[in-house]
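Notes to accompany the following structure.
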Amino acid sequence: MAVFVQQAVCRARPAQQLWHAACIRDLMTDEEFDAYVTASAAALGLTIDDAWRAEVIANLRVLFANGTLVSNFPLGEHAEAAAVFQP
Amino acid sequence: MNGPWQGAAEIAAAVRAKTLTATEVVTAALARIASDNPALNAFTTVTSARALARAAALDGEIAAGKTVGPLAGVPFAVKNLFDIEGVVTRAGAALTAGDPPAGADAALVRQMEAAGAILIGALNMGEFAYDFTGENFHDGACHNPHDLTRMTGGSSSGSGAAVAGGLVPIALSSDTNGSIRVPSALCGIWGIKPTYGRLSRAGSYPFVGSLDHLGPMARSVADLALAYDALQGADGADPAQAQRPVEFVSGLLGQGRGALRIAVAGGYFREGASAECLAGVDAVAAALGASEIVEFPQAALARASAYLITATEGAALHLGRLRSNAAGFDPDTRDRFLAGAMVPAVFVQKAQQIRRWFAAECAEIFARYDAVLLPATPVPAPLIGQKTISLGSRVVPLRANLGIYTQPLSFVGLPVALAPVCAPGRLPVGVQIAAAPWREDVVLRLAAALESAGVCAATPPA
């Protein structure tokens, strides 16, 4: 089963493993997430009530975990996105 | 005749044959809503006057000898994100309550009524469709007709409760990550999420434009196919709708399993699923003679990508409200939207690249197989208020994980029928039947074969 998955990855883009080098680093520390939420909220004009903050950070952690997983997947620079604009 | 479990096809036949009037059908449905909805909490709006007026008009047409549509006199209801002329489109939110009423019906409401069906109301749903539970902070939780202490699933919660509870034979719903398939599974009814771009979304409240689908839920495959056929056709108002011909399926349901190549999904789609849910898949596989196992490569990655696109597109849609009135959201929805607003764009762009890659991988699978069988949810209906579920030996948050088996398929827009497996004394479970894009005929043909074999059926609550 695991072998099948690995083959599928390699079959898709065999020569573009270098993408690993550009991957997003692993999750931030608690302090870094807290600072990130503060700065992002300010930049976006959002107010994060103290009562919500822990849950927002918990959700953001999940999103960054998914983002890291996605970013680490080797596809390479020539992979087209699904959303291709057609005039 | 005219009981709560009467199907759309039966109703339409009786109305056309003049053994039942549309007015009698609508009056009975309104009475059932009045008596049973308080326990289910499925409806948020009942359009009684409109429904009775349309029923009277239809009865007049029939009396005058005019030809009426295949859904003549069939009552239906819609998730409250569909526009209904004169009604505020709530999308499950309190923040929309002050919006102006819709100026016209949604495209699919118009098409159902053009086929003779009669809109009878709008249905409860998870706030802004960002939900798998069926719990709504503002309107209350929907209750599963098979066990009122349990979730319907969401976000098309009212649709699941109304159809499974015998209030209407057909409901229209949306599915971004599983919102037709999850409540259909937990409530034990049929559903179809057509191919992305098949049906017009014009006049429906969006959630994630690049993943939003609309489709019907029903208690029989024949009714599901009748509704799906009525819903097809381009209206030019949904830029994501594909230029596809209308491809009717109702006449193809009797073809049976035939020589279709059918596999069962392994790997990711069996990991963590409960014994009940896997037994449902295995029963369907045995009935269809499907013994080969196929693995969708990187299904977890596909699900992660869908998760990111959902959070970020949804947050972008609601950024103005998040700025001006974040306290007005359902807390469970608000905190996810706020987090979604803070996700770097590089994650999302990569997720969209993975979407194309995964679609190509799926195309290879569906070159080898006509259909693949998968579980719909990892567990049967959880208790209302439950916060976690078990995936094998792991205890995980319920909201984020009830749709783990539906998300990878909607991520690449595949057509999926949801087949209910019901047994006396047990909660229903659902099986997804997936096919290549535009092959709704395959998934509905297999659904009909399973129904004929008595393996899958929507059964009345005990």
Side-chain angles (χ1 to χ4, degrees), chain A residues 1-13 16 19 22-24 28 33 36-49 51-86, chain B residues 209-210 266-268 270-271 293-309 311-312 315 319-320 322-324 326-327 329 331-332 334-344 346-361 364 397 400 411-413:
Chain A
M1 210 170 279
V3 171
F4 188 105
V5 173
Q6 189 57 42
Q7 285 173 339
V9 173
C10 296
R11 188 174 65 246
R13 301 290 185 273
Q16 293 169 344
W19 187 253
C23 73
I24 305 295
M28 296 182 280
F33 263 114
Y36 182 88
V37 166
T38 299
S40 298
L44 293 166
L46 297 169
T47 301
I48 311 293
D49 190 285
W52 316 337
R53 192 175 185 84
E55 201 57 37
V56 172
I57 291 174
N59 279 293
L60 196 60
R61 276 189 172 282
V62 173
L63 285 162
F64 267 73
N66 282 305
T68 303
L69 181 69
V70 161
S71 297
N72 288 349
F73 186 65
L75 273 186
E77 295 167 346
H78 297 284
E80 287 285 355
V84 175
F85 177 69
Q86 295 181 331
Chain B
S210 60
Y268 173 91
R270 291 189 83 85
E271 293 163 4
I293 307 295
V294 64
E295 183 159 348
F296 287 76
Q298 301 292 343
L301 189 73
R303 187 249 177 174
S305 301
Y307 199 94
L308 285 164
I309 292 168
T312 52
L319 186 62
L322 291 168
R323 284 173 170 153
S324 64
F329 282 77
D332 279 316
R334 177 197 60 220
D335 297 343
R336 287 181 292 156
F337 279 137
L338 284 169
M342 301 176 183
V343 172
V346 290
F347 289 162
V348 185
Q349 176 65 7
K350 186 64 183 291
Q352 289 286 6
Q353 290 174 301
I354 290 171
R355 191 180 191 192
R356 183 173 291 278
W357 174 83
F358 188 64
E361 294 293 317
E364 287 189 23
F411 179 52
V412 287

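Computed from a predicted model, the values in this text were never measured in an experiment. Each chain gets a letter, A, B and so on, in the order the sequences are listed, and its residues count up from 1.
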Let's test your reading of the structure: which of B/Pro331, B/Ser210, B/Ala341 forms the most heavy-atom pairs below 4.5 Å with chain A? B/Ala341

At a heavy-atom distance under 4.5 Å, which candidate from A/Ile48, A/Asp49, A/Leu60, A/Leu63 has the highest pair count against chain B? A/Leu63

Considering residues at least two apart in sequence or located in another chain, which fulfil the salt bridge (charged side-chain N to carboxylate O under 4.0 Å, His left out) criterion with A/Arg61? A/Asp30

Whatever's closer than 4.5 Å to a heavy atom in chain A on B/Ala327 counts as both

Whatever's closer than 4.5 Å to a heavy atom in chain A on B/Arg303 counts as neither

Max heavy-atom pairs within cutoff under 4.5 Å with chain A, candidates B/Pro397, B/Ala339, B/Ala311, B/Ala351, goes to B/Ala339

Measuring heavy-atom distances to chain A, does B/Ser305 have an atom under 4.5 Å in its side chain, in its backbone, in both, or in neither? both

Between CD of B/Gln352 and CD of A/Glu80, what distance do you get to the nearest 0.5 Å? 12.0 Å

Between atom CG of B/Leu338 and atom OG of A/Ser40, what is the distance when rounded to the nearest 0.5 Å? 11.0 Å

Quick one: salt bridge (charged side-chain N to carboxylate O under 4.0 Å, His left out) partners of B/Arg323, sequence neighbours excluded? none

Heavy-atom pairs under 4.5 Å with chain B are the metric here; pick the option from A/Val62, A/Leu44, A/Leu69, A/Ile57 that has the most. A/Leu44

Hey, are the side chains of B/Phe347 and A/Asn66 touching, using non-hydrogen atoms and a 4.5 Å cut-off? no

Rounded to the nearest 0.5 Å, how far does NE2 of A/His78 lie from CD of B/Gln353? 11.0 Å

